[in-house]
Amino acid sequence: MQSQTPRATLRATLNRRSIGVRAAGAGAALLLGVVGLSACTNGDSEPSPSPSASSTLTPGITDITDTPGSGENLVGALADATVSTCKLGDGSWTVDGTVKNPTKDSVSYRIYVSLLNEAGDTRSLSQVDVDGVGEGAEEEWATTVDLTDEDLTCVLRVERYAAAG
């Protein structure tokens, strides 16, 4: 067995002490953090939610018969639809537009019209079905929503299906 030089023995001793001091320092920091955090709590085990503007809204309106995306062989067809009107007047929203069939077959459309507020909350979801739109044909669609909220944005989801034959 080789004996260590005094310098090597001193280095080993200092390294062991350094590790012990660092571990003690980390333990003290952890203890202070735990004590500090516990001093910031009010003793409740559950946080209580703070009210937001969205939590004061009346429930939105849903007027659909089919769950979006539930149809067989649907094709997303947002590009086939346009919105001509999206406005509030006389206590209700009027939303209308057209769909144009770009295919070589007769198709049907299921259009979901959402009215969203500035926070992105859905205030209304309505379904409009447009059946039997012939090859290259254009058809109008419309819906009215009994909602008096102001400053809403109209957003569409458009699904295209092969026409029932």
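Scope of the values below: all heavy atoms of this structure, side chains included, with no hydrogens, waters or symmetry mates.
Considering every non-hydrogen atom in both G134 and N101, the closest pair reads O-ND2, 3.0 Å. Of all non-hydrogen atoms in T148 and G91, the two that sit nearest each other are CG2-O, 3.7 Å.
Remark: S108 OG to R160 CZ distance equals 11.5 Å, nearest 0.5 Å. For the atom pair OG (S106) and CG (D131), the distance works out to 9.0 Å, reported to the nearest 0.5 Å. Note that the CZ atom of R157 and the CZ atom of R110 stand 9.5 Å from one another [nearest 0.5 Å]. Rounded to the nearest 0.5 angstrom, S92 OG and D146 CG are separated by 5.5 Å.
The backbone N or O of T85 sits less than 3.5 Å from a side-chain atom of D96, completing a donor-acceptor pair. Side chain of D66 to main chain of S70: no donor-acceptor pair is present (N/O by atom type, distance under 3.5 Å, no hydrogens or angles). For the pair E159 (side chain) and G69 (backbone), a donor-acceptor distance under 3.5 Å is present.
In this structure, V83 belongs to a hydrophobic cluster whose other members, linked by side-chain heavy atoms under 4.5 Å apart, are I61, L78, L88, W93, V95, V99, V107, Y109, I111, V113, L115, V128, V130, V133, W141, V145, L147, L152, L156, V158. Through direct or relayed side-chain contacts under 4.5 Å between Ile, Leu, Val, Met, Phe, Trp and Tyr, V155 connects to L116. Y161 belongs to a hydrophobic cluster with L74, counting contacts under 4.5 Å between side-chain heavy atoms of Ile, Leu, Val, Met, Phe, Trp and Tyr, direct or through other members.
In this model, a donor atom of one side chain and an acceptor atom of the other lie less than 3.5 Å apart for T65 and Q127. Residues D105 and T103 have side chains that never bring a donor and an acceptor to within less than 3.5 angstrom of each other. With no hydrogens or angles considered, a side-chain donor-acceptor pair links T98 and T82 at under 3.5 Å.
Between R123 and D149, at least one side-chain N (NZ, or NE/NH1/NH2) sits under 4.0 Å from a carboxylate O, which counts as a salt bridge.
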